[in-house]
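Working notes, structure below.
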Amino acid sequence: MKSSSSSSGVLRKGRLSTYLYTLLAFIVLVAIIHGEYFVCSFRRLEPPRTSRVTSPTPVLVGLGLVKKREDYKLPFAVGEGEEGCDIFSGRWVRDELTRPPYEESECPYIQPQLTCQEHGRPDTEYQKWRWQPHGCDLPSFNATLMLESLRGKRMMFVGDSLNRGQYVSIICLLHRLIPQHRKSMETYNNDALTVFRAKDYNATIEFYWAPFLLESNSDNAVVHRISDRIVRKGSINKHGKHWKGVDILVFNTYLWWVTGQDMKILKGSFEDEEKEIMQLSTEDAYRMAMKSMLKWVTRNMNRTKTRVFFTSMSPTHSKGDWGGEPGGNCYNQTTLIEDPNYWGTNSRKSIMKVIGEEFGKSKFPITFLNITQLSSYRKDAHTSIYKKQWNPLTSEQLANPASYADCTHWCLPGLQDTWNELLFAKLFYPNSS
Ligand SMILES: *[C@@H]1O[C@H](CO)[C@@H](O)[C@H](O)[C@H]1NC(C)=O
Ligand SMILES: *[C@@H]1O[C@H](CO)[C@@H](O)[C@H](O)[C@H]1NC(C)=O
Ligand SMILES: *[C@@H]1O[C@H](CO)[C@@H](O)[C@H](O)[C@H]1NC(C)=O
Ligand SMILES: *[C@@H]1O[C@H](CO)[C@@H](O)[C@H](O)[C@H]1NC(C)=O
Ligand SMILES: *[C@@H]1O[C@H](CO)[C@@H](O)[C@H](O)[C@H]1NC(C)=O
């Protein structure tokens, strides 16, 4: 990434006209009067960087106050992202030189639900794509830098099975640097917590199962396929107490909220005999969870030392809505969707709007990994039928493989390695776009 860019956004360029200054002064005043936290727009979630202060221009951040940029260096940053480059906007390019970043067979941590080659996938084309942002290049993933930065620290992924896939991917990207007997992976609390240890670094990379982030009746990490899902309002501390003291948190939650019906929200506790349950639309229920998460982060994370990421919705390809065969899904798909405007049906857009609105109000700078659209082009990258099957398949299923294809999860190596390259870019080279 270019290191000469000193700032991003008009506010920081010191070129504002008097008119704009007046307008800004007014906005600050309004913000102070209302005692509200002021964030210019979602794209400026991350506070401006500190390293290259070229002018004494004060910038508008937090609390409606005008503060100097120096106060807001993001932890872990070693440089800046290229000014104005949205790394989530780009295209996939074939790259047989650098892809895949590791072989499936050399990473023993991949769970059998994601080892597609081992389960007979005939092609490896899905492993050979690299994400190329339109406006700049991604920094290459530097495992040494990542491990050194994690020395004495904890990194934790919190969420559902999609986040577990991203978790395993980052371990696969890092573990080669660590000799066999200096690393380990263990599970705790009935598998709710998985801990990878890099002993010489005194570092852990952990995964915590909480598909709704809040307490729910699907919290058992092994037996959780519950169709009548119930989420308990205001219960984030139930899981959150296990996240305290973590230095880098990576959240996700989405798929479990999308049931095609209203969500059932429990007001009391799961132990109550008479349960008080209200029904909320997916969007309202999701908003409730985002508010709880942001409140928890603001109360429990220290912005001068820790970072919080949120990975956006992972798309599924279970209907041929990309112009493929009607009723077709990801089964037997080996090519990418080429329409750059492809987004897919279902609730992704309305949930994206909720995220934008709630994160825009956040008092803690959350780094958003906006992987939804770039992943939606990748109908080729799902595990499909090439994964461990927990139950024996019936003859009907075997006769029609598309009927049991998994079009939710992703083969490793594969798409999720790119999510971690984007995480790497935002961790070490953040900017405000
Ligand atoms: C990776 O990071 C390490 C530690 O910061 C640094 O010494 C090394 O030069 C980097 N490697 C590359 C290829 O940039
Ligand atoms: C190891 O890291 C933990 C934080 O994860 C820290 O509390 C502890 O002091 C570290 N121990 C050593 C010996 O550095
Ligand atoms: C956050 O960490 C900094 C640096 O260690 C420390 O000075 C500050 O007191 C901490 N803030 C809170 C609220 O714990
Ligand atoms: C898979 O797709 C190819 C075309 O891309 C087609 O020729 C073939 O019949 C399909 N195979 C199955 C089993 O559907
Ligand atoms: C994420 O990216 C998509 C385009 O890829 C955009 O439409 C959407 O607004 C972005 N979401 C947020 C919250 O910035």
Side-chain angles (χ1 to χ4, degrees), residues 39-46 85-92 120-123 125-126 131 133-135 147 149-156 195-206 242-249 252 254 283 286-287 290 294 302 305-306 309-315 320 322 324-325 327-337 339-344 348-362 366-380 384-386 397-405 419 422 426 432-433:
V39 177
C40 306
S41 78
F42 185 73
R43 290 173 60 81
R44 294 181 50 81
L45 264 188
E46 293 170 354
C85 175
D86 175 5
I87 58 175
F88 304 105
S89 167
R91 68 202 160 89
W92 289 101
R121 182 158 177 167
D123 67 307
E125 292 308 292
Y126 65 94
W131 182 247
H134 287 313
L147 273 176
S149 307
L150 287 176
R151 212 174 259 286
K153 298 205 155 63
R154 294 174 69 193
M155 177 176 195
M156 186 188 269
V195 180
F196 175 83
R197 262 175 239 285
K199 292 175 190 162
D200 298 329
Y201 296 83
N202 184 30
T204 61
I205 306 177
E206 311 176 30
H242 300 285
W243 316 333
K244 285 190 181 169
V246 167
D247 299 281
I248 303 173
L249 262 175
N252 93 325
Y254 166 63
E283 287 76 15
Y286 195 86
R287 189 184 298 279
M290 290 301 100
L294 292 168
N302 184 336
K305 291 192 291 201
T306 62
F309 290 81
F310 188 89
T311 308
S312 65
M313 302 82 76
S314 177
W322 52 83
E325 268 180 49
N329 63 14
C330 71
Y331 171 64
N332 195 29
Q333 295 297 324
T334 52
T335 56
L336 278 58
I337 293 173
D339 173 8
N341 297 315
Y342 176 75
W343 182 263
R348 283 170 221 157
K349 277 211 159 130
S350 58
I351 292 289
M352 192 61 99
K353 187 159 165 282
V354 170
I355 293 175
E357 287 164 2
E358 294 307 319
F359 284 26
K361 293 187 250 171
S362 173
I366 307 277
T367 306
F368 188 54
L369 299 180
N370 193 352
I371 53 83
T372 303
Q373 187 153 33
L374 66 92
S375 306
S376 75
Y377 305 136
R378 297 300 309 272
K379 64 180 164 63
D380 62 313
S384 185
I385 61 169
Y386 308 109
Q397 284 176 315
L398 287 169
N400 178 16
S403 69
Y404 67 95
W419 297 4
L422 294 161
K426 286 290 181 186
S432 39
S433 63

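Counting starts at 1 for both ligands and their atoms, in listed order. Here the structure is a predicted model, which means the values were calculated and not measured.
For ligand 5, none of its N or O atoms has an N or O atom of Trp343 under 3.5 Å away. The shortest N/O to N/O separation between Arg154 and ligand 2 does not fall below 3.5 Å.
Expressed to the nearest 0.5 Å, how far CE of Met155 lies from OG1 of Thr306 amounts to 12.5 Å. Interatomic distance, CD of Glu325 versus OH of Tyr331, reported as 11.5 Å (0.5 Å rounding). We find the OG-CG distance between Ser149 and Asp247 to be 11.0 Å, quoted to the nearest 0.5 Å. The distance from atom OG of Ser89 to atom CH2 of Trp131, rounded to the nearest 0.5 Å, is 6.5 Å.
Heavy atoms of Phe359 come nearer than 4.0 angstrom to ligand 5 in no pair at all.
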In a simple table, one pair per line, please give the protein and ligand 4 atom names for every N or O pair closer than 3.5 Å, along with the distance.
{"residue": "ligand 4", "atom": "2 (O)", "partner": "Asn332", "partner atom": "ND2", "Å": "2.3"}
{"residue": "ligand 4", "atom": "11 (N)", "partner": "Asn332", "partner atom": "ND2", "Å": "2.8"}
{"residue": "ligand 4", "atom": "14 (O)", "partner": "Asn332", "partner atom": "ND2", "Å": "3.3"}

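Formation of a donor-acceptor pair under 3.5 Å by the Lys379 side chain with backbone atoms of Thr335 is found in this model.
Residue contacts with ligand 5, taken as heavy atom pairs separated by less than 4.0 Å, involve Phe368 solely via side-chain atoms from C-beta onward.
In this view, Asp123 and Arg121, Glu125, Tyr126, Thr334 satisfy the side-chain contact (heavy atoms from CB on, under 4.5 Å) rule, not counting sequence neighbours. Taking Lys199 as the reference, Arg182, Ser184 meet the side-chain contact (heavy atoms from CB on, under 4.5 Å) condition, with sequence neighbours excluded. For Val354, the side-chain contact (heavy atoms from CB on, under 4.5 Å) partners at least two apart in sequence or on another chain are Glu283, Tyr286, Arg287, Glu358.
Note: Phe368 and Phe310 have parallel aromatic rings, judged against thresholds of 30 and 60 degrees for the angle between ring planes.
When each atom of ligand 2 is checked for a heavy atom of Gly152 under 4.0 Å away, the hits are 2 (O), 3 (C), 4 (C), 5 (O). Near Gln373, the atoms of ligand 5 lying under 4.0 angstrom from a non-hydrogen atom of the residue are 4 (C), 5 (O).
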